[in-house]
Participant: 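Once you've had a glance at the structure underneath, I'll fire off some questions.
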Amino acid sequence: MDQILEHLRRTAEEFTAEASDSRRPSWAPALLVSEEFLQLAREFGGLSTDDKPVVRLWANFADPKRVGTALRQEVGLTLPGIRCRGFALHAGTRRHGVKLFFARRGENGNWETGPTGLYQYSNPEELHLRRECRNCLHSIESYRQWIEDSAVPQPNLEAELERVRAEYAELKSQLQALEAEREARNQRRTRLLELARARVIEFGGGGDAPMMEQMTAGARVTVSCCICGAQLTDPVSVEYGIGPICRSKRAVAIKAWVASRTVELQEHRHVA
Ligand SMILES: [Zn+2]
């Protein structure tokens with residue numbers, strides 16, 4: 001995982017290398033995801049049906065002014081150093097809603113990733129039922145004691161005991177249904193987090209060409225440049241998945257992708 005995240009970090013820094021050095025750069029490629037992922041993201045990830053069916057991996061950058069100053073002071077470097085400090089995966093094109101995956105780079109170069117656990121949620125109905133069940137059990141126990149301790153038969157108490165037993169059985173089955181539902185929800189949540197992590201690994205673990213392939217596929221769906229996020233306004237840029245300014249960037253991965261796409265598009269036009 002660390003290796004993949006380091007690769008993504010270097011990519012993020014390379015793609016934003018030509019960005020202004022006074023502003024925080026931005027890189028947040030949109031990625032296509034499976035139908036299962038989409039459904040779960042709609043259920044738990046804050047993705048609405050109006051949102052584009054993508055997730056975006058947002059790179060977090062340190063403030064360039066502060067990084068530069070700190071490094072110059074501490075290490076005597078004029079280079080900006082490690083600028084990308086982490087990533088966050090969110091459903092949809094905007095950066096709100098549930099964080100499906102995050103990674104933070106520590107000072108020693110190790111990565112911390114998450115979220116690891118489930119989001120806890122308390123269900124008031126479940127708590128209420130659990131309390132009611134406890135009350136029933138107390139009543140059942142009291143009635144039994146009274147009946148047992150009584151010297152004469154107690155038909156009223158016995159009838160009441162039966163009533164409370166039936167009530168308890170009903171409440172218990174309602175509670176079990178809610179617990180099963182919660183368990184199933186938790187499993188689906190866990191599955192969503194697994195899919196999110198796996199998507200990051202798939203994206204960052206395959207080398208430059210597959211990475212560009214995935215980024216530009218996402219860009220064609222969101223109609224925005226996979227490098228800078230700007231809206232793509234002409235059909236050629238949409239075909240590339242990269243806007244005209246970013247197509248001329250010096251990053252090796254971008255140059256190689258643009259070159260291979262150019263050949264492909266020319267051949268395509270030739271055949272057509
Ligand atoms: Zn761009």
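Heavy-atom basis, side chains included; hydrogens, waters and symmetry copies ignored. When a ligand or atom number is given, it counts from 1 through the structure's own listing order. Positions are given from 1, in the same order as the sequence printed here.
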Participant: Side-chain donor-acceptor contacts of residues 32-41 below 3.5 Å, not counting sequence neighbours, with atom names and distances?
Facilitator:
unit_1	atom_1	unit_2	atom_2	d
Ser34	OG	Phe37	N	3.2
Glu36	OE1	Arg191	NH2	3.0
Glu36	OE2	Arg191	NE	2.8

Participant: Which salt bridge (Lys or Arg N to Asp or Glu O under 4.0 Å) pairs, counting each pair once, include a residue from residues 41-52, with sequence neighbours left out?
Facilitator: Glu43-Arg188, Asp51-Arg94

Participant: Looking just at side-chain N and O atoms, do Trp27 and Glu13 make a donor-acceptor pair shorter than 3.5 Å?
Facilitator: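 The answer is no; no qualifying pair exists.
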
Participant: Return the set of residues passing side-chain hydrogen bond (donor to acceptor under 3.5 Å, both in side chains) with Ser150 (not counting sequence neighbours), or none when no residue passes.
Facilitator: Gln154

Participant: May I ask you to decide if the ring planes of Phe87 and Trp111 are parallel, tilted or perpendicular, using 30° and 60° as cut-offs?
Facilitator: parallel

Participant: Heavy atoms, side chains only, cut-off 4.5 Å: are Arg247 and Ser237 in contact?
Facilitator: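 In contact.
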
Participant: The Zn ion (ligand 1): which protein N, O or S atoms are under 2.8 Å away?
Facilitator: Cys225 SG, Cys228 SG, Cys246 SG

